Protein chains: 2
Amino acid sequence: MERRHKEAMESLEEIAGLFYDQLDKGNIPEIGIATRSKSNIVFHKKSGVWKYGKSKSTRSAKKLNGARMILRTLYMLDFIREMIDREKSSTLREMYYISEGWEKAKFGDQNESDRLAEDMEIITSCLREDFKLRPEEDGARLIGDITIKERTRKGDIRTINCRDDVGDSGYTIPYNVEEEKVNFQDIGVDFIIAIETGGMFDRLVENGFDETANALLIHLKGQPARSTRRVMKRLNEEEGLPVVVFTDGDPWSFRIFASIAYGAINSAHLSEYLATPSAEYVGITASDILNYDLPTDKLSANDITALEQELQDPRFNTRFWRDEIETMLEIKKKAEQQALAKYGLDFVTDTYLPEKLGELGLL
Amino acid sequence: MERRHKEAMESLEEIAGLFYDQLDKGNIPEIGIATRSKSNIVFHKKSGVWKYGKSKSTRSAKKLNGARMILRTLYMLDFIREMIDREKSSTLREMYYISEGWEKAKFGDQNESDRLAEDMEIITSCLREDFKLRPEEDGARLIGDITIKERTRKGDIRTINCRDDVGDSGYTIPYNVEEEKVNFQDIGVDFIIAIETGGMFDRLVENGFDETANALLIHLKGQPARSTRRVMKRLNEEEGLPVVVFTDGDPWSFRIFASIAYGAINSAHLSEYLATPSAEYVGITASDILNYDLPTDKLSANDITALEQELQDPRFNTRFWRDEIETMLEIKKKAEQQALAKYGLDFVTDTYLPEKLGELGLL
């Protein structure tokens with residue numbers, strides 16, 4: 001059994017032990033969990049990311065709902081133990097269906113079971129991957145001159161160069177990218193470009209920009225999956241590769257950047273594992289819309305609300321972001337990264353990215 | 001230049017020639033295009049697929065809209081010629097943005113430019129890929145013992161075994177899978193299982209079902225992209241591999257099966273390229289919901305309407321489909337493929353699929 005899974009199992013057994021001791025002493029079982037809200041997000045200076053603060057809520061068997069959640073917790077611990085023993089894993093959706101057999105502990109819907117799995121992460125400081133649970137998310141693709149070693153499902157180690165040993169669609173990031181599964185052998189690139197849309201990823205691949213810029217290209221597929229953020233974090237931390245994020249120019253894309261650089265609000269307990277605080281933004285800005293005279297769409301009411309919320313969001317409280325968000329609210333326009341094609345298929349690799357990457361000293 | 005692109009270019013030049021001749025003779029330019037509606041779909045006995053019938057609509061420069069479409073057509077021909085000359089390709093979205101520079105021929109939205117690209121396919125009997133146009137769609141993944149040869153963007157041929165040379169996420173299907181790009185070298189599997197959801201794909205991979213069943217596993221990612229359907233069609237036709245389709249049990253999944261087996265209504269001009277008429281359905285049926293007592297969701301009003309439409313759809317006019325659709329309407333329930341996890345993570349590979357594949361003589 002892998003060390004990580006063994007530690008996860010021990011942490012989960014501690015939870016069961018806690019309930020046992022409470023019952024043994026004649027007390028009503030209860031457990032405290034960090035409150036998961038915007039007001040309980042605090043900046044952690046040492047690691048440069050946003051994490052949950054000290055506020056806690058208590059889940060107690062005094063009430064029917066609390067008692068049911070504690071029963072579910074115990075069933076879930078048992079299911080995870082079985083998976084770790086049998087070297088199996090399951091999707092969150094499968095776990096939800098498996099709970100159909102848990103009688104009184106059955107979940108009402110998948111949100112409940114997903115959330116309980118996250119609670120287990122928060123309480124134990126383990127990752128969902130340590131529990132052998134994984135999402136439906138499809139892996140994102142990457143292409144560029146790095147050589148990884150992947151331990152396959154059969155246990156052997158496969159060495160794959162992500163430029164020379166793969167097709168033009170690149171290497172697909174597996175759902176588990178922890179050390180037990182993925183390691184980096186050779187790094188032939190200088191930095192990472194994380195790209196929001198598949199169309200733009202394929203554009204940079206076709207134009208050979210991974211080689212021109214000596215960069216690793218990663219397709220984010222919108223809001224990136226955990227495994228995608230984790231792979232960037234590991235390459236940044238272990239191999240010292242700078243990360244730049246190339247997105248559309250709209251409030252939702254700004255949030256994609258924030259979740260990569262600072263951590264996401266609904267997974268703040270994982271910020272240290274997932275966030276890359278030194279990541280830089282090279283996506284479309286309101287200034288770019290004006291300077292390059294890009295094709296735009298009008299901001300919707302939802303877009304405007306989202307931008308206004310971002311002005312209140314501590315993660316965007318810098319001069320650069322305040323200026324860009326305010327300009328976007330003034331011009332009332334957003335633009336996609338593919339809008340750069342207005343100036344031809346090569347404009348993004350001949351002009352736009354070299355300008356942005358030049359400013360950062362990366363090209 | 002590849003033969004396919006050369007032929008596409010010649011066909012497109014014929015369109016330009018047609019307009020030229022019409023103008024030369026002092027006539028108003030016009031062009032006829034197959035009507036794209038359910039009523040103009042006919043069964044083509046020889047190939048076993050549904051295609052557009054004889055009904056045509058005429059686009060004429062007599063009216064402003066028609067004139068504008070003819071102008072756009074000419075701009076598009078020119079853009080495609082440039083791409084073929086320069087060995088470039090572009091997404092449909094990039095083409096839409098490029099049209100920003102076409103002044104009076106600018107498109108109002110991307111639907112218009114996508115549709116015109118499809119019109120060009122219908123008129124010329126070429127594929128969008130021949131025009132160097134591609135969608136945003138992300139490639140689906142496959143895993144199993146087949147060896148493919150992929151011509152990379154640099155022009156060299158890369159040989160990849162889709163079980164032994166890839167990570168556990170498998171080989172990602174590129175957006176172009178025509179012979180100029182992808183060919184099959186060795187086939188070590190007996191048949192293909194096409195799977196709707198990523199969770200179920202990963203389940204079969206984890207359980208090693210590709211090896212137990214000696215099958216190629218393909219992840220459909222919901223309604224499959226053209227390249228996914230094309231790869232199945234080619235493996236079926238060129239290598240004689242039977243195809244089975246494993247989906248959720250709801251009206252939308254039935255349509256996924258129909259689009260694989262019989263062709264989709266909005267791309268009926270491509271049925272011969274994309275459809276695999278011998279494909280068999282091994283997805284969840286209403287009978288399975290009853291026989292296996294699966295966890296279900298209630299049919300929504302939309303689900304019911306979709307099922308009723310399917311009873312009118314010539315593609316579902318078989319005893320099997322009528323029975324299953326009527327039973328589903330009676331029990332008013334649908335189920336996901338992952339609902340099989342109610343009986344544990346191995347039920348699908350130990351019981352469900354062996355039963356279904358046994359009936360078909362594939363296992």
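Owing to the predicted nature of the structure, the values given are computational and were not obtained by experimental measurement. Each chain gets a letter, A, B and so on, in the order its sequence line appears, and its residues count up from 1.
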Q: Name the region of Ser89(B), side chain, backbone, both or neither, that has any atom closer than 4.5 Å to a heavy atom of chain A.
A: both

Q: With distance as the sole test, does Glu136(A) use its side chain to make a donor-acceptor pair with the main-chain N or O of Gly199(B) at under 3.5 Å?
A: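 Indeed, once roles are kept as given, a pair shorter than 3.5 Å links the two residues.
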
Q: Let me confirm one number: the CZ-CE distance from Phe131(B) to Met9(B), rounded to the nearest 0.5 Å.
A: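 Here the rounded value is 9.0 Å.
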
Q: So His219(A) and Glu196(A), side-chain contact (heavy atoms from CB on, under 4.5 Å) or not? Walk me through it.
A: CA-CA 6 Å; His219(A) 176 202; Glu196(A) 180 172 353; over 6 Å; no

Q: Let's test your reading of the structure: which of Phe201(A), Tyr343(A), Tyr175(A) forms the most heavy-atom pairs below 4.5 Å with chain B?
A: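 The candidate making the most pairs under 4.5 Å is Tyr175(A).
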
Q: Select, from Glu206(B), Glu100(B), Glu150(B), the one with the greatest count of heavy-atom pairs under 4.5 Å involving chain A.
A: Glu206(B)

Q: Highest number of heavy-atom pairs under 4.5 Å with chain A: which of Leu92(B), Thr197(B), Ile98(B)?
A: Ile98(B)

Q: For Ile157(B), which atoms come within 4.5 Å of any heavy atom of chain A: side chain, backbone, both, or neither?
A: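 Neither part; nothing is under 4.5 Å.
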
Q: Could you walk me through whether Glu336(B) and Tyr97(A) pass the side-chain hydrogen bond (donor to acceptor under 3.5 Å, both in side chains) test, one step at a time?
A: CA-CA 10 Å; Glu336(B) 296 184 355; Tyr97(A) 279 121; 3.2 Å; yes

Q: Does Arg151(B) form a salt bridge (Lys or Arg N to Asp or Glu O under 4.0 Å) with Asp168(A)? I'd like the steps, not just the answer.
A: CA-CA 9 Å; Arg151(B) 181 187 297 271; Asp168(A) 281 357; over 6 Å; no

Q: Under the side-chain hydrogen bond (donor to acceptor under 3.5 Å, both in side chains) criterion, do Asp250(A) and Ser253(A) qualify, and how do the steps go?
A: CA-CA 5 Å; Asp250(A) 64 46; Ser253(A) 301; 3.1 Å; yes

Q: Which one of Leu340(B), Asp165(B), Val205(B) has the most heavy-atom pairs closer than 4.5 Å to chain A?
A: Val205(B)

Q: Considering only heavy atoms and a distance below 4.5 Å, find which of Thr91(A), Asp164(A), Leu294(A) pairs most often with chain B.
A: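 Of the options given, most contacts go to Asp164(A).
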
Q: Just give me the residue among Thr159(B), Asp156(B), Asn207(B) that pairs up with chain A most often, heavy atom to heavy atom, under 4.5 Å.
A: Asn207(B)

Q: For the interface with chain B, which of Ala339(A), Gly170(A), Gly167(A) has the highest count of heavy-atom pairs at distances below 4.5 Å?
A: Ala339(A)

Q: Non-hydrogen atoms of chain A under 4.5 Å away: do they reach the side chain of Gln337(B), the backbone, both or neither?
A: neither

Q: Just so I understand: if I count every heavy-atom pair under 4.5 Å between each of Lys181(B), Glu82(B), Met83(B) and chain A, which residue has the most?
A: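 Winner by heavy-atom pair count: Lys181(B).
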
Q: Could you check whether Phe347(B) and Tyr352(B) have their ring centres less than 6.0 Å apart?
A: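 Aromatic pair excluded; centres sit 6.0 Å or further apart.
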
Q: Of the listed residues (Pro135(B), Pro174(B), Ala341(B), Gly344(B)), which shares the most heavy-atom pairs with chain A below a 4.5 Å separation?
A: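 Among Pro135(B), Pro174(B), Ala341(B), Gly344(B), the one with the most close pairs to chain A is Ala341(B).
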
Q: By a 4.5 Å heavy-atom criterion (distance strictly below it), what part of Val182(B) contacts chain A: side chain, backbone, both, or neither?
A: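 For Val182(B), no heavy atom lies under 4.5 Å from chain A.
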
Q: Need one label for Met200(B): side chain, backbone, both or neither, based on atoms under 4.5 Å from any heavy atom in chain A.
A: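 Neither the backbone nor the side chain of Met200(B) comes within 4.5 Å of chain A.
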
Q: Where does Arg153(B) contact chain A at under 4.5 Å (heavy atoms): side chain, backbone, both or neither?
A: both

Q: Once you round to the nearest 0.5 Å, how far does CG of Asn214(A) lie from CZ of Phe209(A)?
A: 11.0 Å

Q: Which distance, rounded to the nearest 0.5 Å, do you find between the CD1 of Ile148(B) and the OH of Tyr171(B)?
A: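 Taking CD1 in Ile148(B) and OH in Tyr171(B), the distance rounds to 3.0 Å.
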
